[in-house]
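Before any comments, here is the structure.
No experiment lies behind these values; they were computed from the predicted model shown.
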Amino acid sequence: MNWSDMQPLLWQSTQETCWMVGLATLATVVVGLPLGLLLVLTRRGGLLQNAAINKLIGAIVNIGRSLPFVILIVAIIPFTRWLTGTTLGWQAATVPLAVGAIPFFARLVETAVGDVDGGLIEAVQAMGGSTWTVVRKALLPESLPGLISALTTTVIALIGYSAMAGTVGGGGLGTLAINYGYMRFETTFMWVIAAELVVLVTLVQLLGEGLARGLDHKRGTTSRRFTLALSFRRTVTTPKTSVVAASVTDDATATDTPAQEPVASGTTR
């Protein structure tokens with residue numbers, strides 16, 4: 001098989017891989033991010049401490065993470081057929097990809113969000129912030145570099161999962177490698193597909209590292225500004241309070257002290 005024969009097959013399969021990984025990533029973030037936040041908020045000492053809910057979510061996440069992906073594909077075939085109408089192709093493979101990645105990403109989110117400095121949370125609460133305000137103003141912004149790194153790791157894992165899905169007719173580069181590289185003994189084609197997967201993973205890793213590094217620098221600047229703002233607020237509030245107290249004291253002293261009668265000059269008592 002020459003390059004002219006490989007090119008259209010590679011292009012089509014690459015598109016299928018990108019579609020299934022992209023949609024699975026979107027579903028993973030939409031479901032996995034709230035799960036990870038709930039694991040942090042409901043644990044002991046959390047803002048929404050609830051042992052029962054935390055254990056329930058933790059058990060679901062642990063079960064989802066413990067299932068090997070190939071077994072998961074087979075186990076949820078009825079759900080996949082009900083949702084997509086088929087069990088073959090990249091559309092069907094997207095379902096087990098998302099189901100397998102959600103618990104994995106949720107644990108990574110828990111780790112990233114759990115590392116946020118508790119002092120920032122206390123500062124937001126001290127200023128009257130609600131739980132949603134703490135999540136929106138402190139937890140998510142401060143953990144954003146970690147979340148980007150977690151998402152990068154998840155996308156790379158999804159690319160590997162998508163290749164495994166090809167062994168059961170999931171489409172994409174995995175199916176191409178099985179049908180042509182393995183079944184037809186096209187070793188060169190197999191190596192070309194492997195090289196393309198390496199390039200995809202490398203690009204995702206570089207992009208994720210760059211975003212995380214840039215956001216981490218921005219987060220450090222924002223944190224310093226936030227700390228300085230709190231310090232400035234305390235510094236400004238204290239003198240004002242002192243001035244008001246001094247003013248009240250002076251007024252009270254002036255009220256309590258009787259006014260003395262003026263003494264005419266040259267008059268002796």
Side-chain angles (χ1 to χ4, degrees), residues 1-33 64-65 67-105 108 148-212:
M1 179 177 287
N2 53 35
W3 176 247
S4 60
D5 297 326
M6 293 181 188
Q7 189 173 4
L9 295 173
L10 280 174
W11 175 243
Q12 181 181 356
S13 298
T14 302
Q15 286 182 309
E16 292 178 354
T17 296
C18 291
W19 272 111
M20 73 171 81
V21 170
L23 291 177
T25 300
L26 179 62
T28 298
V29 172
V30 169
V31 180
L33 181 60
R65 292 180 62 195
L67 292 175
F69 183 67
V70 175
I71 296 177
L72 179 65
I73 294 176
V74 178
I76 64 171
I77 280 178
F79 177 68
T80 301
R81 184 183 292 111
W82 173 79
L83 194 62
T84 64
T86 182
T87 57
L88 298 175
W90 69 266
Q91 295 91 342
T94 302
V95 177
L97 282 175
V99 172
I102 285 170
F104 177 74
F105 183 65
L108 295 178
I148 294 297
S149 298
L151 184 61
T152 302
T153 303
T154 304
V155 172
I156 291 174
L158 283 172
I159 293 175
Y161 289 165
S162 70
M164 284 189 280
T167 60
V168 290
L173 293 171
T175 297
L176 194 65
I178 292 295
N179 292 343
Y180 288 86
Y182 180 73
M183 296 295 184
R184 301 187 183 185
F185 301 99
E186 295 285 351
T187 307
T188 303
F189 201 11
M190 177 78 79
W191 282 109
V192 169
I193 295 171
E196 184 176 353
L197 289 172
V198 170
V199 170
L200 286 175
V201 169
T202 303
L203 290 176
V204 171
Q205 185 67 47
L206 291 175
L207 179 61
E209 287 180 352
L211 285 174

Kindly indicate whether the side chain of Gln7, heavy atoms from C-beta on, has any atom under 4.5 Å from the side chain of Trp11.
no

Nearest heavy atoms of Leu10 and Val192, plus distance in Å:
CD1-CG1, 3.7 Å

Can you tell me how far apart OG1 (Thr84) and CH2 (Trp90) are? Round to the nearest 0.5 Å.
10.5 Å

Gap separating the CG atom of Leu72 from the CG atom of Leu97, nearest 0.5 angstrom:
9.0 Å

Can you tell me how far apart CG (Leu158) and OG1 (Thr153) are? Round to the nearest 0.5 Å.
11.0 Å

In Å and rounded to the nearest 0.5 Å, what is the CG to CD1 distance from Leu173 to Ile178?
12.0 Å

Nearest non-hydrogen partners of Thr17 and Ser162, listed with the distance
CG2-OG, 3.8 Å

Is there a side-chain contact (heavy atoms from CB on, under 4.5 Å) between Ile193 and Tyr180 once you walk through the steps?
CA-CA 10 Å; Ile193 295 171; Tyr180 288 86; 5.9 Å; no

Provide the closest heavy-atom pair for Leu176 versus Ser13 in the form atom of the first, atom of the second, distance.
CD2-OG, 3.5 Å

Can you tell me how far apart OG1 (Thr25) and CE (Met20) are? Round to the nearest 0.5 Å.
11.5 Å

Parallel, tilted or perpendicular: ring planes of Tyr161 versus Phe69, cut at 30 and 60 degrees
parallel

Quick check: closest heavy atoms across Phe105 and Thr28, and the distance to 0.1 Å?
CB-CG2, 3.5 Å

Taking every heavy atom of Thr154 against every heavy atom of Ala101, the minimum-distance pair comes out as CG2-CB, 4.1 Å

Main chain of Gly166, side chain of Thr175: is a donor-acceptor contact present, judged purely on distance under 3.5 Å?
yes

Quick one: closest heavy-atom pair of Ile73 and Ala165, and the distance?
CD1-CA, 4.0 Å

Leu200 and Ile156: CA distance, side-chain angles, deciding distance, side-chain contact (heavy atoms from CB on, under 4.5 Å) verdict:
CA-CA 9 Å; Leu200 286 175; Ile156 291 174; over 6 Å; no

To the nearest 0.5 Å, tell me how far Leu23 CG sits from Cys18 SG.
11.0 Å

Going by heavy atoms in the side chains, are Leu207 and Leu203 under 4.5 Å from each other?
no

